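Contents: one structure, followed by commentary.
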Amino acid sequence: MPRDPLSLPARLCLLAWDPARPGAADAARVHHLVRAGALVELVRRGLLRDDDGIATPVDLDSETGDPVLDGLLELVRESLPHGWRPWVALHARVTFDAVREQLVAEGCLRAEKKRVLGVFPSVEYALARRDTAQALDRRVREVLAGQVPAAEVPERDAAVAVLAAAAELGCAGDPGGAGEPGAANEPGAARGSGGARGRGSATGAGARRRDRIAELAGRAAPAPALRGVLDEVCGAVSDETAHTKAPTGD
């Protein structure tokens, strides 16, 4: 990934931003993805730990200096105990809003004041640094495609790619088109193959993708405790993605 000051959740938020549909990022799937990134970042920094499946602060006063991460850490400290999957969804919009404002401050997004019906004030957000977003997008594609051995991928880059795959972002799409909407795409889980024609090649592509994501998950979370957290939050993001893409009944 580009060597910039963007945190893991900020990178994920920027990756999810579609210049053609900027409002699409303000959706539960992206909220959950950004929160998952923030949780993983706090565990990576040693400020959250897993205690029998419960997200637990290491102490009561440490801070990261990042207002988004510190805000989430304070929320966890002040709340009743919850597991990792509930924390992916619980008040996730708060973390998303904070990351979005952080991206505005970094110059990656632009806040544009509007008036709805010419009366009610509103704010719309637009991509301001397209080059940064495109560089992130290209890097995730390269990492998932296996152009770099997993052992040589920086841990944070690997985490970004694995989480992006769980959310089925465009940059993490199956190169062979083997996946079905809503299929599992978390560490260790292959996506389904599509159609009878080309089933063999699709299955092979799905297997290679599964193996690559598993390798990257191991690189992103070399410690067993962190790997368990990554699996849990990716599972929650994947579930929300499947729910979002599931066909609705009449």
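Along the sequence shown, the residues carry numbers beginning at 1. Computed from a predicted structure; not experimentally measured.
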side-chain hydrogen bond (donor to acceptor under 3.5 Å, both in side chains) involving Asp97 - partner list, sequence neighbours excluded = Arg93, Arg100
Leu15 and side-chain contact (heavy atoms from CB on, under 4.5 Å): which partner among Val30, Leu33, Leu169, Leu163?
->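 The single option meeting the side-chain contact (heavy atoms from CB on, under 4.5 Å) with Leu15 is Leu169.
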Taking C-beta and beyond as the side chain, do [X] and [Y] meet within less than 4.5 Å on heavy atoms?
X      : Y      : answer
Pro57  : Leu48  : yes
Val143 : Val148 : no
Leu14  : Arg129 : no

Taking every non-hydrogen atom, the tightest pair across [X] and [Y]:
X      : Y      : answer
Gly65  : Asp70  : N-OD2, 3.0 Å
Ala126 : Glu112 : CB-OE2, 4.0 Å
Val88  : Arg35  : O-CG, 3.3 Å
Ala28  : Glu240 : CB-OE2, 3.5 Å
Gly170 : Arg141 : O-NH2, 3.3 Å
Ala161 : Val140 : CA-CG1, 4.3 Å

Interatomic spacing from [atom1] in [X] to [atom2] in [Y] - rounded to 0.5 Å:
X      : Y      : atom1 : atom2 : value
Cys13  : Arg11  : SG    : CZ    : 13.5 Å
Asp66  : Leu72  : CG    : CG    : 10.5 Å
Leu42  : Arg49  : CG    : CZ    : 14.0 Å
Gln102 : Cys108 : CD    : SG    : 9.5 Å
Glu63  : Leu73  : CD    : CG    : 8.0 Å
Gln134 : Arg138 : CD    : CZ    : 6.0 Å

Return yes if some donor-acceptor pair links the side-chain N/O of Arg110 with the main-chain N/O of Tyr125 below 3.5 Å, else return no.
-> no
Is there a donor-acceptor contact under 3.5 Å from the side chain of Ser238 to the main chain of Cys234?
->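 No, the answer is negative, given that no donor and acceptor are paired below the 3.5 Å cut-off.
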Answer with yes or no whether the hydrophobic clustering places [X] together with [Y]; edges join I, L, V, M, F, W, Y residues whose side-chain heavy atoms lie under 4.5 Å apart.
X      : Y      : result
Leu60  : Leu75  : no
Val123 : Val94  : no
Ile54  : Leu39  : no
Val104 : Leu136 : yes
Trp87  : Val58  : no

Could you check whether [X] pairs with [Y] (Lys NZ or Arg NE/NH1/NH2 to Asp/Glu carboxylate O, under 4.0 Å)?
X      : Y      : result
Arg85  : Asp231 : no
Arg219 : Glu215 : no
Glu74  : Arg77  : no

Just jot down the side chain to side chain contact (heavy atoms under 4.5 Å, CB included) partners of Asp50, sequence neighbours excluded, or say none.
->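 Only Trp84, Val229 meet the side chain to side chain contact (heavy atoms under 4.5 Å, CB included) criterion with Asp50.
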Residue pairs involving residues 24-74 (criterion ring pair (Phe, Tyr, Trp, His ring centres under 6.0 Å); sequence neighbours excluded) = His31-Phe96
Do you see a donor-acceptor pair shorter than 3.5 Å between the side chains of Arg29 and Thr244?
->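 Thr244 and Arg29 do not have a side-chain donor-acceptor pair below 3.5 Å.
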Using a cut-off of 6.0 Å, state whether more than 12 heavy atoms not belonging to Asp52 lie near its atom CG.
->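 Counting other residues, nucleotides and ligands, CG of Asp52 stays at 12 neighbours or fewer.
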Step by step, work out the side-chain contact (heavy atoms from CB on, under 4.5 Å) result for Leu226 and Arg44.
-> CA-CA 7 Å; Leu226 178 54; Arg44 279 171 39 84; 3.9 Å; yes
